[in-house]
2 protein chains.
Amino acid sequence: MPSPTTENYLKAIYALAERDTNRPLVRLGELATELKLTPGTITTMIRSLAERDLVTYQPRAGVKLSAKGNQEALQVLRRHRLIELFLVEVMKMDWSEVHEDAEALEHAVSDKFLAKMDEMMGYPTEDPHGDPIPVAGAEIPASQTRKLSDVPSGNYQLSRVNDQDPEFLDWLSASGLRPGTRFAVTSHDPRSGVLLLQLEGGAAELPIGIGAAKNIRVKPLGTH
Amino acid sequence: MPSPTTENYLKAIYALAERDTNRPLVRLGELATELKLTPGTITTMIRSLAERDLVTYQPRAGVKLSAKGNQEALQVLRRHRLIELFLVEVMKMDWSEVHEDAEALEHAVSDKFLAKMDEMMGYPTEDPHGDPIPVAGAEIPASQTRKLSDVPSGNYQLSRVNDQDPEFLDWLSASGLRPGTRFAVTSHDPRSGVLLLQLEGGAAELPIGIGAAKNIRVKPLGTH
DNA sequence: AAAAATAGTTTGAATATTCAAAATAAACTG
DNA sequence: CAGTTTATTTTGAATATTCAAACTATTTTT
């Protein structure tokens with residue numbers, strides 16, 4: 001059984017690789033930032049992960065999850081997301097306050113407890129942020145979504161939110177933006193760095209910065 | 001925040017002190033057995049706990065929880081027992097399989113999550129084994145119960161079970177013995193080491209060994 | 001291409017936790 | 001009480017994880 005620390009490294013590598021879709025290698029510096037550790041620590045730990053065949057390590061270039069490491073990472077992710085959903089659905093906690101709790105619990109829940117949660121919620125496939133809940137043994141379908149920051153004007157549905165900052169999540173809910181919400185991008189000004197969204201049923205247009213939009217993934221809808 | 005390891009030591013000291021009611025000092029050897037660690041390890045760790053004022057340590061004699069250590073221990077116990085009850089009541093897990101899960105989760109749950117569980121179950125005062133759930137800031141009332149192994153013939157109500165072994169717990173439930181169950185002790189033979197119990201509504205008498213009876217605490221009932 | 005900036009690695013050290021084995025103290029025994 | 005047994009402590013060492021600071025490779029600038 002990998003230690004919590006190991007699990008966190010694998011999760012971070014997975015997340016970074018997915019973030020800027022399909023970068024072949026994750027640089028160690030990114031990991032240092034993500035995990036808030038010093039570069040030297042990362043190098044040391046990555047060496048150890050490589051010895052255990054959890055990652056492929058190319059010194060000075062970066063790391064990549066091995067098949068084994070990927071599987072591990074998906075299991076952690078599954079636990080994390082199932083727990084988040086559980087906290088929101090069953091424990092009635094707010095989606096903005098649920099991430100940290102899940103972060104701790106994901107290293108402590110047994111398979112049995114996990115199975116109970118899963119069953120209790122009817123085998124859900126998405127967590128409260130719209131992220132897919134990996135299933136043991138199954139591939140995660142390559143996401144059909146695009147970053148809100150990269151998208152032309154048109155109609156979209158909010159798919160996932162890749163930022164766990166409670167402030168941000170609160171602002172999102174307050175603005176009516178949740179996974180599943182439909183809206184139109186009415187303008188996108190690269191100079192000011194502001195997009196304007198027209199929510200379904202929303203009166204005024206909602207401005208959102210490019211930086212924030214990077215952490216939001218959307219699914220294009222027909223122009224209907 | 002004490003580490004999980006620290007929490008486990010404190011919990012173990014508390015449990016051992018309570019077990020043979022009010023021994024002034026817990027010997028390090030008992031701790032070694034309880035925690036399944038070598039004696040040297042215990043000595044080392046106890047020294048560190050003493051430095052942090054969590055215990056009073058008398059070399060070669062034993063340890064005692066300090067006020068601070070006691071408070072810590074009670075908090076861990078509260079978490080543990082609330083979680084056990086939650087797993088049984090809400091997650092529908094069997095009381096015999098719940099201990100290990102709680103053992104892991106007790107170091108990972110946030111105050112918020114704990115509060116939600118507490119509220120959800122209506123602020124319960126006892127866990128599935130009949131053990132009291134400590135409340136922050138409140139004393140635990142000195143238990144009015146006696147060990148089944150020490151008790152004369154008469155009527156009793158099962159109060160607590162101080163053994164987490166799933167086999168044992170399963171046998172107990174199968175025999176109809178749960179916290180709250182009423183029964184009479186009809187005979188107690190110190191030579192054979194067997195007690196006979198007559199369960200309320202139970203047809204035959206139930207024999208139980210002295211060793212097992214030591215881990216069961218009962219409340220005397222009037223001879224009614 | 002030499003200089004400067006950036007990213008990554010190495011080294012030496014610290015902390016927390018654990019073990020095995022040797023040393024010591026205390027308790028028990030005849 | 002001398003000898004043995006048992007409990008505890010000490011010592012030396014290991015593992016996992018982390019840091020700071022010195023060093024090195026790579027990339028970017030000029």
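Each chain gets a letter, A, B and so on, in the order its sequence line appears, and its residues count up from 1.
- Looking at heavy-atom distances under 4.0 Å, Thr5(B) makes contact with sugar-phosphate atoms alone, never a base.
- The pair Lys92(A)-Glu119(B) does not meet the salt-bridge criterion, since no charged nitrogen lies less than 4.0 angstrom from a carboxylate oxygen.
- Rounded to whole Å, atom P of dT10(C) lies 17 Å from atom CE of Met45(A).
- Of the two residues near DNA chain C, Arg27(B) and Thr38(B), the one whose nearest nucleotide lies more 5' is Thr38(B).
- Rounded to whole Å, the distance from CD on Glu51(B) to P on dT17(C) is 12 Å.
- The residue Leu37(B) sits close only to the backbone: its heavy atoms come under 4.0 Å of sugar-phosphate atoms, none of a base.
- With Arg27(A) contributing its side chain and Gly62(A) its backbone, the two residues share no donor-acceptor pair below 3.5 Å.
- Ionic pairing of Glu18(A) and Arg23(A) is not present here: no N-O contact between side-chain nitrogen and carboxylate oxygen is shorter than 4.0 angstrom.
- Atom C1' of nucleotide dA26(C) and atom CD of Gln58(B) are separated by 15 Å, given to the nearest angstrom.
- Pro179(A) approaches Gly130(A) most closely through the heavy-atom pair CG-N, 3.6 Å.
- A close approach under 4.0 Å does not occur between any side-chain nitrogen or oxygen of Thr41(A) and OP1 or OP2 of dT18(D).
- Protein atom CG of Leu28(A) is 14 Å distant from nucleotide atom P of dT26(D), rounded to whole Å.
- Between the side chain of Arg60(B) and the base of dT24(C) there is at least one donor-acceptor pair of N/O atoms closer than 3.5 Å.
- The phosphate of dT9(D) (OP1 or OP2) has no side-chain N or O of Arg47(B) nearer than 4.0 angstrom.
- Counting any heavy atom pair closer than 4.0 Å across all strands shown, Gly40(B) reaches a base atom.
- In this structure, Leu54(A) atom CG and dA16(D) atom P are separated by 13 Å, rounded to whole Å.
- Following rounding to the nearest Å, Met1(B) (CE) and dT15(C) (P) show an atom-to-atom distance of 20 Å.
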Test log, rule ring pair (Phe, Tyr, Trp, His ring centres under 6.0 Å), inputs His99(A) and His129(A):
CA-CA 10 Å; His99(A) 180 69; His129(A) 308 93; 7.1 Å; no
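- Rounded to an integer number of Å, the gap from Leu49(A) CG to dA16(D) P is 12 Å.
- At the heavy-atom level, Ser3(A) lies under 4.0 Å from the strands shown only through sugar-phosphate atoms.
- In this entry the distance linking NZ of Lys36(B) with C1' of dA20(C) reads 20 Å, nearest Å.
- In terms of phosphate contacts, Tyr9(B) brings a side-chain nitrogen or oxygen within less than 4.0 Å of OP1 or OP2 of dT18(C).
- Distance from the side chain of Thr6(A) is smallest for dT17(D) among the nucleotides dT9(C), dT8(D), dT17(D).
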